There are 2 protein chains.
Amino acid sequence: MPVEIKSVGIKDVAKVANVSPATVSRVLSGRPVDPAMQERVQAAVISTGYRPNLAARRLRSQHTNTIGLILADIRNPFFTAVSRAIESLATARGLRVILCNTDEDPAKEAMYLELMQQERVTGIILAPSRQRVTRAGDLAMDCPVVLIDRAIPGAREDCVLLDNEAMAGLLLEHLHDQGHRRIAGLFGASSSTGIERRNGFERAAARLGITVDALAIPHAPGEAEKAVAALLSGPDRPDALMASNGLMLVSVLRALRSLSLEVPRDIALAGFDNSDWMELIGNGLTVIEQPVEEIGRTAMTMLLDRLEHPDAAMRKTVLSGKLIARGSSARNPATGS
Amino acid sequence: MPVEIKSVGIKDVAKVANVSPATVSRVLSGRPVDPAMQERVQAAVISTGYRPNLAARRLRSQHTNTIGLILADIRNPFFTAVSRAIESLATARGLRVILCNTDEDPAKEAMYLELMQQERVTGIILAPSRQRVTRAGDLAMDCPVVLIDRAIPGAREDCVLLDNEAMAGLLLEHLHDQGHRRIAGLFGASSSTGIERRNGFERAAARLGITVDALAIPHAPGEAEKAVAALLSGPDRPDALMASNGLMLVSVLRALRSLSLEVPRDIALAGFDNSDWMELIGNGLTVIEQPVEEIGRTAMTMLLDRLEHPDAAMRKTVLSGKLIARGSSARNPATGS
DNA sequence: TTGGTCATAGAAAACGTTTTCTCACCACTT
DNA sequence: AAGTGGTGAGAAAACGTTTTCTATGACCAA
């Protein structure tokens, strides 16, 4: 004899409480119902161990109360930090979050976008993969989409981005203030952030009247190391380097280390994305810290706004980061010049 | 006049292809059907832009082809690495993954476990929150559960764990081999991994015939720093430290830095969980690297096995990590003694 | 030819909810 | 006192699929 042959449904609860299934549904969704019945239903829910079937609920009610969060790289602490902010806001509003990781693979990205549509999600927050940057931004989703971190050229979706140009400029100015004049920057070649940061870097250099090296580095292992080695063996060795993201920063450090150069004693180094270990390197690394919590909050807010006003104009929010100044070298060139 | 008043369903496809909905369903799920019809259906699917409704599919077919992956801390690179492995295996088998982050909060964990049941997931892989360790392991889920990383005492679920005792012993032996004799270990007080690693540490010390300090550190900001400060201001200063996880390792480094001590010049340091920045600190940090890919693969395999054999005996898989030996100090005590 | 088995595809039921529809009841208004 | 409006709960439809059931026709053996 089977112990529990069939899972308990709303009808079973109704039977136990001596009411109609409709009434159980009403109690469960908090709509007005006779207090006596409400009590009976609640007791029945507990005694039967009823658990709503979300698939059935979604099918009938035609809203999933779910948003899709598609991230380009779940190993990147920036993305996980943003996801935490988004997730906590979403649950506070009674929305579930489906988290997907594309690993910077456009095929996986397309697969997940399709999947989200099949799930009939309410909305999507997408951190596009790098390669997306090349294709025109025709997402053509049935639900609102908010882009974060990376822009898709020509996209008609709302987005929230870091002010990459300004921040790269800020970083260069910081290095300049510290007395550095021969500055080289390494930027991701294929991401919109890399390109924007590079633009900001070069414009700031023009403003400051200094000449700089701005290198576009392919996203492949060893490329940054090669570039650093080439830079430092060249005729006029830079006295400061700048990296356009956290991964590249580590690569640059590794390269410097293999050349037996120490930061900031022998060369200055700055970059993007703060990590807890950065203060442990030499005198620390100067970086731009992104306002992760605010990015997540803004993206969520924009998505909710868009759901309320589907036909409002496209919005683009640009946020500033925070310069974490560290790594003033012992023999600071600014005082030495 | 509305452009697209209603989303296209399987009936619309059927109408276009001049077949019954059942036949469309059969084509979609790859069951045998007349080639001519199959072609018509496939054409109709494309021309109508049909997208299956997963909620309806799940409701009717009664299987979700979805597994829940509940992680204690999405910011921990160990967990994200494991999740990548799990995710890729799952999609290869046509399973979707719902990723949830409890932030070490037992209430959130309970909430997500309940949610997974409401989603009627096929199975769950759970990295329990730290506090779980205290409560008895009565998950009482309706679906199979595989535990990873942390054990729940008395749990009846399958699990895959690191051989924490052995690895902690290995690490201590390494420090001992390097000539260190006054060794202190800092271990998370409330996680099963912390406790097991501490046990392994103390047993190995007994084996080696040395006395060690094994400290249980509460999981709160500043605690590890306090403990390090106390240790190093005490009468017989340790010449080597060991930390039971990555977070604590950073805290210890920070504390040492504020005491102007350098690793490994002034003191040796070892711990768990490898990170790419570790080789950049001093001469590098010796750590135990966990076999993340294998952990994920094993968990997934165990889950699938359990689905096939629900009544098989409970299994516990214990995996070994890899010692990444780094950080031999310039004035190595082993050669200096 | 006839009867039986098998394969194939359409018809209809079913999945577990929410929502709409309907009806009974009660309180007001006129 | 009779109509009217509002309220609250049960009945039944609906959500978009898959699956079961049924009917038709083909094929084969007797």
Side-chain angles (χ1 to χ4, degrees), chain A residues 4-42 44-45 48-66 94 96 115 117-122 142, chain B residues 4-42 44-45 48-66 94 96 115 117-122 142:
Chain A
E4 187 188 358
I5 189 67
K6 189 186 169 321
S7 92
V8 26
I10 206 171
K11 289 180 188 173
D12 305 299
V13 177
K15 216 159 288 174
V16 171
N18 243 333
V19 297
S20 74
T23 302
V24 177
S25 174
R26 285 191 259 261
V27 170
L28 258 38
S29 58
R31 283 189 304 254
V33 62
D34 185 277
M37 285 186 151
Q38 181 167 328
E39 218 165 281
R40 286 216 308 281
V41 169
Q42 279 159 348
V45 164
T48 55
Y50 169 71
R51 226 187 303 267
N53 181 319
L54 292 186
R57 182 173 282 182
R58 290 202 266 256
L59 172 59
R60 173 60 239 219
S61 71
Q62 296 290 71
H63 40 71
T64 55
N65 287 336
T66 299
R96 272 171 288 279
L115 184 59
Q117 304 233 86
Q118 298 189 358
E119 294 274 10
R120 304 294 195 267
V121 292
T122 312
D142 288 341
Chain B
E4 188 189 356
I5 189 66
K6 192 186 166 320
S7 91
V8 26
I10 205 171
K11 289 181 189 172
D12 305 299
V13 178
K15 215 159 290 174
V16 172
N18 244 334
V19 297
S20 73
T23 302
V24 177
S25 174
R26 287 191 257 260
V27 170
L28 258 38
S29 57
R31 285 190 303 254
V33 63
D34 185 276
M37 284 187 151
Q38 181 167 327
E39 218 164 283
R40 285 217 308 282
V41 168
Q42 279 159 348
V45 164
T48 56
Y50 169 72
R51 224 185 308 263
N53 181 320
L54 293 187
R57 182 173 283 180
R58 289 202 268 254
L59 172 60
R60 174 60 239 221
S61 71
Q62 297 288 69
H63 42 72
T64 56
N65 287 337
T66 300
R96 270 171 290 279
L115 184 59
Q117 305 235 86
Q118 298 189 358
E119 294 273 10
R120 305 294 194 266
V121 293
T122 311
D142 288 341

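Excluded from the calculations below are hydrogen atoms, water molecules and symmetry mates; all remaining heavy atoms, backbone and side chain alike, are included. Just so you know, these numbers come straight off a predicted model, no measurement behind them.
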For the backbone of B/Val19 and the side chain of B/Thr23, can you confirm whether one donor and one acceptor N or O come within less than 3.5 Å of each other?
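A pair under 3.5 Å: no.
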
Distance-only, no hydrogens or angles: does the B/Arg40 side chain make a donor-acceptor pair with backbone N or O of B/Ala17 under 3.5 Å?
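Side chain of B/Arg40 to backbone of B/Ala17: a pair is present.
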
Whole-Å distance separating the [atom1] atom of [X] from the [atom2] atom of [N]:
X: B/Asn53; N: D/dC15; atom1: CG; atom2: C1'; answer: 8 Å
X: B/Leu28; N: D/dT19; atom1: CG; atom2: C1'; answer: 15 Å
X: A/Asn18; N: D/dG10; atom1: CG; atom2: C1'; answer: 12 Å
X: A/Arg58; N: C/dC15; atom1: CZ; atom2: C1'; answer: 15 Å
X: B/Lys11; N: C/dA11; atom1: NZ; atom2: P; answer: 12 Å
X: A/Tyr50; N: C/dT18; atom1: OH; atom2: C1'; answer: 10 Å
X: B/Met37; N: C/dA7; atom1: CE; atom2: C1'; answer: 13 Å
X: B/Gln117; N: C/dG16; atom1: CD; atom2: P; answer: 16 Å

Measure the shortest side-chain to side-chain distance between A/Arg120 and B/Ser7 over non-hydrogen atoms and say whether it is less than 4.5 angstrom.
yes

Residue met sooner reading DNA chain C from 5', once A/Pro21 and B/Val33 are mapped to nucleotides
B/Val33

Check this one for me: any side-chain N or O of [X] less than 4.0 Å away from OP1 or OP2 of [N]?
X: B/Arg57; N: D/dT18; result: yes
X: A/Gln62; N: D/dA14; result: no
X: B/Thr23; N: C/dG10; result: yes
X: B/Ser20; N: C/dG10; result: yes
X: B/Ser25; N: D/dT17; result: no

With a 4.0 Å cut-off, would you call A/Glu119 and B/Arg51 a salt bridge?
no

Look at the side chain of B/Ala22 and decide which nucleotide, out of C/dA11, C/dT19, C/dC15, has an atom nearest to it.
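Within the option list, the nearest is C/dA11.
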
Residue B/Arg31, side-chain atoms from C-beta onward, closest of D/dT19, C/dC15, D/dA9
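Between D/dT19, C/dC15, D/dA9, the one nearest the side chain of B/Arg31 would be D/dT19.
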
N/O donor-acceptor pair, side chain A/Arg60 with base C/dT17, under 3.5 angstrom
no

Taking N and O atoms by type only, does the side chain of A/Arg51 place a donor or acceptor under 3.5 Å from a partner on the base of C/dG16?
no

Surrounding CD of A/Gln118 (heavy atoms of other residues, nucleotides or ligands, distance under 6.0 Å), is the total greater than 12?
yes

